[in-house]
Amino acid sequence: MKLSVLQIILGVASATYPTYPSSAHNAAPSGHPWIAPGPNDFRGPCPMLNTLANHGFLPHDGKNITQDVTVNALGSALNFNSSLATLMFQMATIANPEPNATFFTLDQLNVHNVLEHDASLTRSDAYFGNNHIFNETIFEETEKYWTAEILDADMLANSKVARQLTSKAFNPNYTFTSRINDFSLGEVIAPIVAFGDLQEAKVNKTLVEYWIRNERLPTELGWSKRSEFITLEIIGSLVSILNNATSLITTATPIVSRRRDLHAGVGL
């Protein structure tokens, strides 16, 4: 879940069923049961790409992922338009060291600081060991900032900033360039792109947790593919919202807490 436009597009997540109108979605594609990866199957740092492989939208072995396969997978599973899916494929082939590569594998995405990067919401930094297997401890740190059943841009942004701070404090090789920050923004909006309300920039927390922990589409929780095409314009709008939410600079008007101010004596 660390992949520039890949993340922006994918790296595109209640204790109840989804709160968004069911009319905004179509039935989930049939013929794509979830099958756990085997010992010889490749998987990478992006939960959504792994998910698409687990469901057979991408090759289940995670190998030889071509442009046609990628465009069809993203369109069938998530309703990405073809131009956006093509852009995603082009970004992913950066990880293939072969000149003029026409495919990529999920394993190639694990190379540190190519597309994979420090301060992931769900993976450990490469400095500490495995950088592409889901890490429950890391994810629990992320979840501390998801303080309601419906996640908004502020909650998602807070978890991103917190993971960067932790990584910077404890990883002596911490690297987070402006290019990586663009990747990270994509990582953070991915659940909204896949499962959320695109206008409100919100998403059901239970859907996100189920997806990330299982690398499985949350159809069992009531989710289904949206009817609206995902376009580059939609991605750009969400990135802008999230980027603004990551700023720690406020206006001159203080943010008033709803908690009683004990020091003031008569706090409201």
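All of these numbers come straight from a predicted model, not from anything done at the bench. Heavy atoms only: backbone and side chains are in, while hydrogens, waters and symmetry mates are out.
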Ignoring hydrogens, what is the shortest heavy-atom contact between [X] and [Y]? Give both atom names and the distance.
X    : Y    : result
V188 : A157 : CG1-N, 4.5 Å
A95  : Q108 : CB-O, 3.5 Å
A119 : F176 : CB-CE1, 3.9 Å
A53  : L106 : CB-CD1, 4.0 Å
K160 : S184 : NZ-OG, 3.1 Å
N110 : G44  : OD1-CA, 3.2 Å

>> Taking the six-membered ring of Y174 as reference, does the cationic atom of K168 (NZ for Lys, CZ for Arg) lie under 6.0 Å from its centre and within 45° of its axis?
In response: no
Determine whether [X] and [Y] fall in the same hydrophobic cluster, where Ile, Leu, Val, Met, Phe, Trp and Tyr are linked whenever their side-chain heavy atoms lie under 4.5 Å apart.
X    : Y    : value
M155 : V161 : no
F42  : I94  : yes
W146 : I138 : no
V193 : V71  : no
M91  : F103 : no

Is a side-chain donor or acceptor of [X] paired with a backbone partner of [Y] at a separation under 3.5 angstrom?
X    : Y    : result
T175 : N173 : yes
N79  : S227 : yes
T93  : Q90  : yes
W34  : E215 : yes
R226 : G196 : yes
T86  : S82  : yes
R123 : N131 : no

>> Test side-chain contact (heavy atoms from CB on, under 4.5 Å) on K63 and D107; report intermediate values, then the result.
In response: CA-CA 8 Å; K63 304 172 186 178; D107 183 62; over 6 Å; no
Pair [X]-[Y], side-chain donor/acceptor within less than 3.5 Å:
X    : Y    : answer
K144 : N158 : no
D125 : S167 : yes
T66  : D68  : no

Side chain proximity check, [X] to [Y], heavy atoms < 4.5 angstrom:
X    : Y    : answer
H60  : D41  : yes
L151 : K205 : yes
S224 : T219 : no
Y210 : L207 : no
L115 : F183 : yes
K202 : D152 : yes
W211 : M48  : yes
S76  : K225 : no

> Can L52 and L74 be said to form a side-chain contact (heavy atoms from CB on, under 4.5 Å), step by step?
Replying inline: CA-CA 8 Å; L52 296 184; L74 290 173; 3.7 Å; yes
Just list the side-chain donor-acceptor pairs under 3.5 Å for residues 234-247, sequence neighbours left out, or say none.
{"residue": "N244", "atom": "ND2", "partner": "S240", "partner atom": "O", "Å": "3.3"}
{"residue": "T246", "atom": "OG1", "partner": "N243", "partner atom": "O", "Å": "2.7"}
{"residue": "S247", "atom": "OG", "partner": "I249", "partner atom": "N", "Å": "3.2"}

[atom2] on [Y] to [atom1] on [X], rounded to 0.5 Å:
X    : Y    : atom1 : atom2 : result
M88  : I230 : CE    : CD1   : 14.5 Å
I189 : L185 : CD1   : CG    : 8.0 Å
L109 : I65  : CG    : CD1   : 7.5 Å
R179 : D182 : CZ    : CG    : 9.0 Å
S124 : I133 : OG    : CD1   : 11.5 Å
N96  : F104 : CG    : CZ    : 9.5 Å

> Other than Y127, which residues form its hydrophobic cluster under the rule that side-chain heavy atoms must be closer than 4.5 Å?
Replying inline: F128, F170
>> Go through it in stages, so that I can follow the logic: the residues are R43 and H132, the test is side-chain contact (heavy atoms from CB on, under 4.5 Å), and I'd like the CA-CA distance, side-chain angles, deciding distance and then a yes or no.
In response: CA-CA 8 Å; R43 293 295 182 267; H132 61 278; 5.8 Å; no
>> Working note: E187 + L121, criterion side-chain contact (heavy atoms from CB on, under 4.5 Å); need CA distance, chi angles, decisive distance, verdict.
In response: CA-CA 8 Å; E187 170 187 338; L121 301 185; 3.0 Å; yes
> Under 30°, 30 to 60°, or over 60°: which ring-plane class applies to H32 and F57, parallel, tilted or perpendicular?
Replying inline: parallel
